[in-house]
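Input: a single structure, listed below in structure tokens.
Residues take their numbers from the sequence shown, with the count starting at 1. All of these numbers come straight from a predicted model, not from anything done at the bench.
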Amino acid sequence: QVHLVESGGGLVQPGGSLRLSCAASGSILGINSMGWYRQAPGKERELVAAIITSGGTTNYADSVKGRFTISRDNAGNTVFLQMNSLKPEDTAVYYCNAEIKVDIYAVRNYWGQGTQVTVSS
């Protein structure tokens, strides 16, 4: 089994910062990519940022470019999302996602449980 454990959400004022973490553990042969999605009430889940573990290529939603930074630890099993200059429209449940190689034949997609980020004064 594979588990993604998220942490770091909370309440912050507009203009503030938060740092989300997501650690992958379990039967992992390798991790192809990790990323963050978010879902606001009444809206579809959307990609926020993603990172390819081999090479470190990153991808960001236009709405967060220049404000959010995705990174990973040296071992590659933990991904971080540094969120600066937060806006009320960033309020959502943030979900960690990972594409994980569980054996030599299978690559599977996993989701974390979600962490609430609320930006409000």
Side-chain angles (χ1 to χ4, degrees):
Q1 285 194 346
V2 172
H3 299 280
L4 301 181
V5 179
E6 302 146 339
S7 61
L11 172 64
V12 64
Q13 292 187 343
S17 298
L18 282 175
R19 180 177 164 94
L20 304 183
S21 300
C22 173
S25 63
S27 302
I28 297 171
L29 196 63
I31 300 178
N32 291 346
S33 65
M34 296 186 78
W36 291 93
Y37 287 71
R38 68 186 180 187
Q39 188 166 19
K43 295 188 177 181
E44 293 186 355
R45 190 173 297 189
E46 62 174 357
L47 174 69
V48 177
I51 185 166
I52 306 299
T53 52
S54 176
T57 301
T58 57
N59 182 37
Y60 294 93
D62 288 343
S63 59
V64 306
K65 283 180 181 177
R67 300 188 298 123
F68 291 11
T69 302
I70 190 168
S71 61
R72 58 184 172 86
D73 68 345
N74 289 337
N77 284 13
T78 301
V79 67
F80 307 96
L81 185 68
Q82 178 66 43
M83 304 185 293
N84 299 327
S85 303
L86 282 160
K87 305 175 181 180
E89 51 264 42
D90 294 317
T91 296
V93 178
Y94 283 70
Y95 296 92
C96 180
N97 174 268
E99 186 176 276
I100 295 176
K101 192 171 186 180
V102 296
D103 62 43
I104 61 172
Y105 302 110
V107 176
R108 295 178 184 166
N109 204 40
Y110 293 90
W111 292 93
Q113 78 281 3
T115 185
Q116 178 70 45
V117 171
T118 302
V119 184
S120 175
S121 55

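Asp62 pairs by the side-chain hydrogen bond (donor to acceptor under 3.5 Å, both in side chains) definition with Lys65, not counting sequence neighbours. For Asn109, the side-chain hydrogen bond (donor to acceptor under 3.5 Å, both in side chains) partners at least two apart in sequence or on another chain are Asn97. Remark: Asp90 engages Arg38, Arg67 in a side-chain hydrogen bond (donor to acceptor under 3.5 Å, both in side chains) (not counting sequence neighbours). Applying the salt bridge (Lys or Arg N to Asp or Glu O under 4.0 Å) test to Lys101 and every residue at least two apart in sequence or in another chain returns nothing. Contacts of Ser7 classified as side chain to side chain contact (heavy atoms under 4.5 Å, CB included), with partners at least two apart in sequence or in another chain: Ser21. For Asn74, there are no side chain to side chain contact (heavy atoms under 4.5 Å, CB included) partners at least two apart in sequence or on another chain. Residues that satisfy the side chain to side chain contact (heavy atoms under 4.5 Å, CB included) test with Asn59, not counting sequence neighbours, are Leu47. Under the side-chain hydrogen bond (donor to acceptor under 3.5 Å, both in side chains) criterion, Glu99 pairs with Asn32, not counting sequence neighbours.
For the atom pair CD (Gln82) and CG (Leu20), the distance works out to 9.0 Å, reported to the nearest 0.5 Å. Within the model, atoms OG of Ser27 and NE2 of His3 stand 8.5 Å from one another, a figure rounded to the nearest 0.5 Å. With values rounded to the nearest 0.5 angstrom, Arg108 atom CZ is found 6.5 Å from Asp103 atom CG. Here OG1 of Thr57 is found 6.5 Å from CD1 of Ile52. Values are rounded to the nearest 0.5 Å. Annotation: the span from Ile31 atom CD1 to Asn77 atom CG amounts to 4.0 Å, rounded to 0.5 Å. With values rounded to the nearest 0.5 angstrom, Met83 atom CE is found 11.0 Å from Thr69 atom OG1.
Tracing side-chain contacts under 4.5 Å through hydrophobic residues (I, L, V, M, F, W, Y), one reaches Val79 starting from Ile28; they form part of the same cluster. In the hydrophobic clustering of this structure, Val2 groups with Met34; members are Ile, Leu, Val, Met, Phe, Trp, Tyr whose side-chain heavy atoms approach within less than 4.5 Å, directly or through other members. Cluster membership check: Leu81 shares its hydrophobic cluster with Val12, using side-chain heavy-atom separations under 4.5 Å among Ile, Leu, Val, Met, Phe, Trp and Tyr.
The local environment of CD in Glu89 is crowded, with over 12 non-hydrogen atoms from other residues, nucleotides or ligands closer than 6.0 Å.
For residues 26-75, the pairs satisfying ring-ring contact (aromatic ring centres under 6.0 Å, His included) are Tyr37-Trp111, with sequence neighbours left out. For the ring-ring contact (aromatic ring centres under 6.0 Å, His included) condition, no pair includes a residue of residues 71-102, sequence neighbours left out.
Across Ser17 and Asn84, no two heavy atoms sit closer than the pair OG-OD1, 2.9 Å. For the residue pair Leu4 and Cys96, the shortest heavy atom distance occurs at CD1-O, 3.8 Å.
Alongside Leu11, the hydrophobic cluster contains no other residue (criterion: ILVMFWY side chains under 4.5 Å).
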Show me the donor-acceptor pairs within less than 3.5 Å that the side chains of residues 114-121 make with the rest of the protein, sequence neighbours left out.
| from | atom 1 | to | atom 2 | distance (Å) |
| --- | --- | --- | --- | --- |
| Thr115 | OG1 | Gly9 | N | 3.3 |
| Gln116 | NE2 | Ala92 | O | 3.4 |
| Gln116 | NE2 | Thr118 | OG1 | 3.3 |

